[in-house]
Number of protein chains: 4
Amino acid sequence: MEKREVLTSIKDERLIQERRMQMVKGAVNLFKEKGFHRTTTREIAKSSGFSIGTLYEYIQSKEDVLYLVCDSIYDEVQERLEQEIKVDGYTIEGLKKAIERYFKVIDELQDEVLVMYQEAKSLSKDALPYVLKKELEMVGMFEQLIKGCISNHQFILNEKESELLAHHIFVQGQMWAFRRWWLQQHYSLKEYTEMQLKFLLKDFSEQPVL
Amino acid sequence: MEKREVLTSIKDERLIQERRMQMVKGAVNLFKEKGFHRTTTREIAKSSGFSIGTLYEYIQSKEDVLYLVCDSIYDEVQERLEQEIKVDGYTIEGLKKAIERYFKVIDELQDEVLVMYQEAKSLSKDALPYVLKKELEMVGMFEQLIKGCISNHQFILNEKESELLAHHIFVQGQMWAFRRWWLQQHYSLKEYTEMQLKFLLKDFSEQPVL
Amino acid sequence: MEKREVLTSIKDERLIQERRMQMVKGAVNLFKEKGFHRTTTREIAKSSGFSIGTLYEYIQSKEDVLYLVCDSIYDEVQERLEQEIKVDGYTIEGLKKAIERYFKVIDELQDEVLVMYQEAKSLSKDALPYVLKKELEMVGMFEQLIKGCISNHQFILNEKESELLAHHIFVQGQMWAFRRWWLQQHYSLKEYTEMQLKFLLKDFSEQPVL
Amino acid sequence: MEKREVLTSIKDERLIQERRMQMVKGAVNLFKEKGFHRTTTREIAKSSGFSIGTLYEYIQSKEDVLYLVCDSIYDEVQERLEQEIKVDGYTIEGLKKAIERYFKVIDELQDEVLVMYQEAKSLSKDALPYVLKKELEMVGMFEQLIKGCISNHQFILNEKESELLAHHIFVQGQMWAFRRWWLQQHYSLKEYTEMQLKFLLKDFSEQPVL
DNA sequence: TATGAATGAGCATTCATTCAT
DNA sequence: CATGAATGAATGCTCATTCAT
């Protein structure tokens with residue numbers, strides 16, 4: 001699936017990138033505070049550093065901003081993740097480290113992650129699938145790791161179990177962000193990570209399962 | 001924490017209950033479709049079967065409807081759960097059944113659960129804590145079950161692990177609702193439940209952990 | 001001009017009088033605080049001690065309440081005044097005493113007077129003339145006194161001057177009420193009365209004017 | 001006391017002045033006819049010659065319009081007055097002329113004056129003091145004139161009497177406006193002025209008072 | 001007579017979007 | 001390209017009035 005196009009009347013591609021970066025940065029902060037619906041386009045323009053007229057030169061509707069924000073958050077999470085994950089091989093140890101790093105990335109971007117999960121439903125029928133697709137790509141990263149481990153005889157899981165485990169890992173990361181009102185009062189990130197690893201991988205940590 | 005009062009100018013308590021039931025029922029359907037912010041008070045009134053004026057006789061602001069909806073969903077989930085859970089003792093088998101039933105309840109009320117999780121953030125500073133409290137009560141139900149099992153030497157977990165496991169169970173239930181766009185295309189509820197049980201409880205299923 | 005009728009569906013005349021008295025008493029207090037437009041019929045009913053339904057048994061529209069209030073205030077001012085004024089003869093001394101007493105009555109009923117002057121404009125085309133008529137009757141009381149004095153050769157004024165003096169007196173009384181935010185911080189009622197008497201009547205106090 | 005700020009989202013100061021002038025002009029006419037409360041913001045916008053949206057670009061609430069109206073009326077009365085009064089010295093003749101001109105200004109702006117006196121009470125706790133202050137400034141103009149005359153030995157009055165006389169003059173001017181329903185049917189402005197001068201200043205017109 | 005639940009026209013205000021400069 | 005004034009449909013909410021009980 002190619003990136004959904006956000007139409008603009010501007011020709012200079014470099015300018016488009018720059019303005020949109022400003023826009024996303026400003027909007028994320030606002031969405032964090034007040035949510036998408038309670039944020040006005042004027043506020044977005046202001047916190048982006050340009051006028052409402054200019055804002056509309058680079059987007060077609062308010063919803064485009066939300067799409068741009070979601071898109072950018074995914075890109076950032078994914079990018080950071082890929083950067084860190086690549087190094088380790090397909091071992092249980094590698095999988096553990098990947099999870100650890102994933103949790104760390106979520107922790108660093110928790111505001112953004114929160115925004116995305118709370119506001120994504122406001123995306124149009126048009127943009128939503130693209131965002132969900134991105135999510136599946138991230139789950140796919142874990143799935144690949146798991147399957148790599150299985151190929152390496154690190155442990156045994158069937159197809160569906162692998163898939164679900166990948167989802168599991170993914171959701172537990174998000175959980176750190178959107179249940180932070182409780183979790184982060186009771187656990188440090190380190191504690192949380194350790195316990196999650198225990199729950200998620202305990203069976204596999206000693207010997208291949210029969 | 002006592003129930004947050006939603007002010008009304010109506011004196012007949014029976015009528016209040018009846019109208020609010022209509023209201024919640026009508027509103028949930030709308031919130032499902034279009035979300036809280038895109039639903040107008042007029043639509044809520046209409047789908048509740050009365051006029052906008054009457055709607056406002058029973059609430060003070062649009063947000064009250066959201067609160068009433070969240071409140072009612074929690075009550076229903078909790079009620080259904082308690083009803084089913086009570087019978088079984090504090091055994092692993094009992095815990096499993098409780099989880100199964102919890103997942104079933106979530107499955108039945110998935111629209112409502114989804115609404116609640118997507119819209120709760122729009123609750124005022126006033127109402128949010130009450131809703132979060134309700135959530136912790138539900139987590140608490142699982143925690144009690146788990147601790148009961150521990151007392152019965154069904155397995156060994158420390159305090160924090162028990163808490164986290166309870167959260168885990170709770171979140172996996174919700175996950176069935178808010179990731180249904182993917183999960184429910186790949187798994188039946190039965191499959192999902194079985195696999196979750198395996199992940200959540202596998203260690204404990206054969207013998208007490210040392 | 002006969003009293004404007006305020007229609008009611010109630011037959012028992014005694015009840016009508018009683019309910020309307022409650023109504024006026026309750027409404028005056030509310031109008032004082034928030035003005036006619038900002039006061040709701042529900043509030044009037046409540047502060048009158050009966051239900052909104054009952055309120056509308058005794059009036060036909062919210063404006064009727066305002067009319068009833070204005071009417072009742074005039075009646076009270078006029079009644080108190082007549083009661084006190086009658087005794088003295090048509091002398092300058094008598095006129096002075098009448099003015100003193102008028103100012104005292106205004107002082108006692110200043111809230112009511114204020115309400116009337118600020119809200120009378122909200123009366124319908126129908127009710128306004130009746131209220132203005134009442135006002136002229138009160139001015140007429142002073143005019144009579146003045147003309148009596150002239151007949152008694154206490155001083156000399158032509159017709160128009162007499163009229164204007166009567167208006168003058170009347171307006172100075174009201175002034176005590178509706179400029180109280182300044183006057184009552186700088187003068188006691190006694191001081192104000194004395195100075196007004198000096199201004200209004202000085203010329204006449206020593207000898208007939210040529 | 002500096003002018004109370006009415007917030008606007010418009011940056012062009014010239015435009016603000018122009019639009020507000022239109023607004024005040026349109027609103028005065030409506031307030032005259034139906035009063036502040038019975039006038040809708042849409043009507044104000046329409047009679048100002050722009051849309052409701054534009055209206056709200058220049059004010060923050062309906063009450064701001066009332067404030068702007070009151071403010072503008074005072075400014076106009078005061079400006080016209082100062083313009084005319086300056087020339088004459090501190091003599092009884094000068095005071096008389098000032099009063100004449102004041103009455104003439106009130107006569108010309110009687111609709112506006114009426115609006116102000118009937119609606120000022122609807123101003124917020126915030127704006128009211130500012131308007132009352134303006135009123136005292138106008139009274140102060142007469143007080144200065146009177147005290148100037150006293151300094152010039154034109155007549156003798158103590159401090160409090162001077163103050164009250166100034167208020168007197170001020171109120172008699174207003175009286176021409178808000179009792180016009182009677183006065184203007186019985187007197188021409190000329191007659192009224194002459195008689196008021198006689199009442200207000202007769203004692204002083206021939207010789208200094210002992 | 002008394003009550004109070006129901007009604008819906010009406011209002012102030014907001015805000016995404018456009019377009020002339 | 002950038003600006004910001006203008007627009008008006010849409011929305012949350014109020015409240016005078018009615019009428020069945």
Side-chain angles (χ1 to χ4, degrees), chain A residues 8-12 15-16 19 37-46 50-65, chain B residues 8-12 15-16 18-19 37-46 49-65, chain C residues 8-12 15-16 19 37-46 50-65, chain D residues 8-12 15-16 18-19 37-46 49-65:
Chain A
T8 166
S9 59
I10 306 299
K11 313 285 172 198
D12 182 337
L15 209 46
I16 295 177
R19 291 279 179 265
H37 281 104
R38 294 197 210 276
T39 301
T40 69
T41 51
R42 277 172 166 83
E43 288 170 324
I44 295 170
K46 190 171 181 188
F50 37 76
S51 72
I52 181 68
T54 302
L55 180 71
Y56 271 86
E57 294 290 323
Y58 292 89
I59 56 167
Q60 289 211 299
S61 77
K62 187 185 172 188
E63 203 227 279
D64 282 347
V65 181
Chain B
T8 167
S9 62
I10 303 299
K11 303 188 171 181
D12 183 335
L15 213 44
I16 295 177
E18 188 190 328
R19 293 279 176 271
H37 281 103
R38 293 198 211 274
T39 301
T40 69
T41 51
R42 276 173 172 76
E43 288 170 325
I44 295 171
K46 191 171 180 187
F50 35 75
S51 72
I52 180 68
T54 299
L55 179 70
Y56 273 90
E57 292 286 320
Y58 291 88
I59 55 165
Q60 291 212 299
S61 75
K62 186 184 172 189
E63 202 227 280
D64 281 346
V65 181
Chain C
T8 166
S9 61
I10 305 298
K11 311 287 172 193
D12 182 338
L15 208 46
I16 296 178
R19 292 280 179 265
H37 281 103
R38 294 197 211 274
T39 300
T40 69
T41 51
R42 275 172 167 83
E43 287 170 322
I44 295 170
K46 190 172 183 186
F50 37 77
S51 73
I52 181 68
T54 302
L55 180 71
Y56 271 86
E57 293 291 322
Y58 292 89
I59 56 167
Q60 288 212 300
S61 78
K62 186 184 173 189
E63 202 228 280
D64 282 347
V65 181
Chain D
T8 167
S9 63
I10 303 299
K11 303 189 171 179
D12 183 335
L15 213 42
I16 295 177
E18 188 190 328
R19 292 279 176 269
H37 282 104
R38 293 198 210 275
T39 301
T40 70
T41 51
R42 274 175 170 74
E43 287 171 325
I44 295 171
K46 191 173 181 185
F50 35 75
S51 72
I52 181 67
T54 301
L55 178 70
Y56 273 88
E57 292 286 320
Y58 292 87
I59 55 166
Q60 290 213 300
S61 75
K62 186 183 172 189
E63 202 226 281
D64 281 347
V65 181

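Below, chains carry the letters A, B, ... as their sequence lines are ordered, and counting in each starts from 1. Only this structure's heavy atoms are used, side chains among them; waters, hydrogens and symmetry mates stay out. Quick caveat: nothing in here was measured; it's all calculated off a predicted structure.
B/Arg42 is linked by a salt bridge (Lys or Arg N to Asp or Glu O under 4.0 Å) to nothing, counting only residues two or more places apart in sequence or in another chain. Among residues two or more places apart in sequence or in another chain, the side-chain hydrogen bond (donor to acceptor under 3.5 Å, both in side chains) test is passed with C/Thr41 by none. Contacts of A/Thr54 classified as side-chain hydrogen bond (donor to acceptor under 3.5 Å, both in side chains), with partners at least two apart in sequence or in another chain: A/Ser51. By the side-chain hydrogen bond (donor to acceptor under 3.5 Å, both in side chains) test, B/Ser9 pairs with B/Glu57, sequence neighbours left out. Checked against salt bridge (Lys or Arg N to Asp or Glu O under 4.0 Å), B/Glu63 has no partners two or more places apart in sequence or in another chain. Listed by chain and number, the residues in a side-chain hydrogen bond (donor to acceptor under 3.5 Å, both in side chains) with D/Glu18 amount to none (sequence neighbours excluded).
Residue contacts for D/Ser9: at a heavy-atom cut-off of 4.0 Å it reaches the sugar-phosphate backbone alone, with no base atom in range.
Of the inter-residue distances, the one linking B/Ile16 atom CD1 with B/Lys11 atom NZ reads 11.0 Å to the nearest 0.5 angstrom. Rounding to the nearest 0.5 angstrom, the gap separating the NZ atom in B/Lys62 from the CG atom in B/Leu55 is 11.0 Å. Note that CG of D/Asp64 is 10.0 Å distant from OG1 of D/Thr8, once rounded to the nearest 0.5 Å.
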**Message:** Reading 5' to 3' and counting Watson-Crick or G-U wobble pairs with both distances under 3.5 Å, write the dot-bracket notation for DNA chain F, | for bases paired outside the strand.
**Reply:** .||||||||||||||||||||
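Along DNA chain E, the nucleotide closest to C/Leu15 and the one closest to B/Leu15 are compared, and the more 5′ of them pairs with C/Leu15.
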**Prompt:** Does the pair A/Leu15 and A/Tyr58 meet the rule for a side chain to side chain contact (heavy atoms under 4.5 Å, CB included), with working shown?
**Reply:** CA-CA 10 Å; A/Leu15 209 46; A/Tyr58 292 89; 3.4 Å; yes
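Atom pair A/Ile44:CD1 and E/dC15:P shows a separation of 12 Å (rounding to whole Å applied).
On the nucleic acid side, DNA chain F has its first and last nucleotide under 4.0 Å of a heavy atom of chain C at F/dC15 to F/dT18, going 5' to 3'.
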**Prompt:** Quick one: what's the B/S/- string for nucleotides 7-13 of chain E, heavy-atom cutoff under 4.0 Å, read 5' to 3'?
**Reply:** BBBBSBB
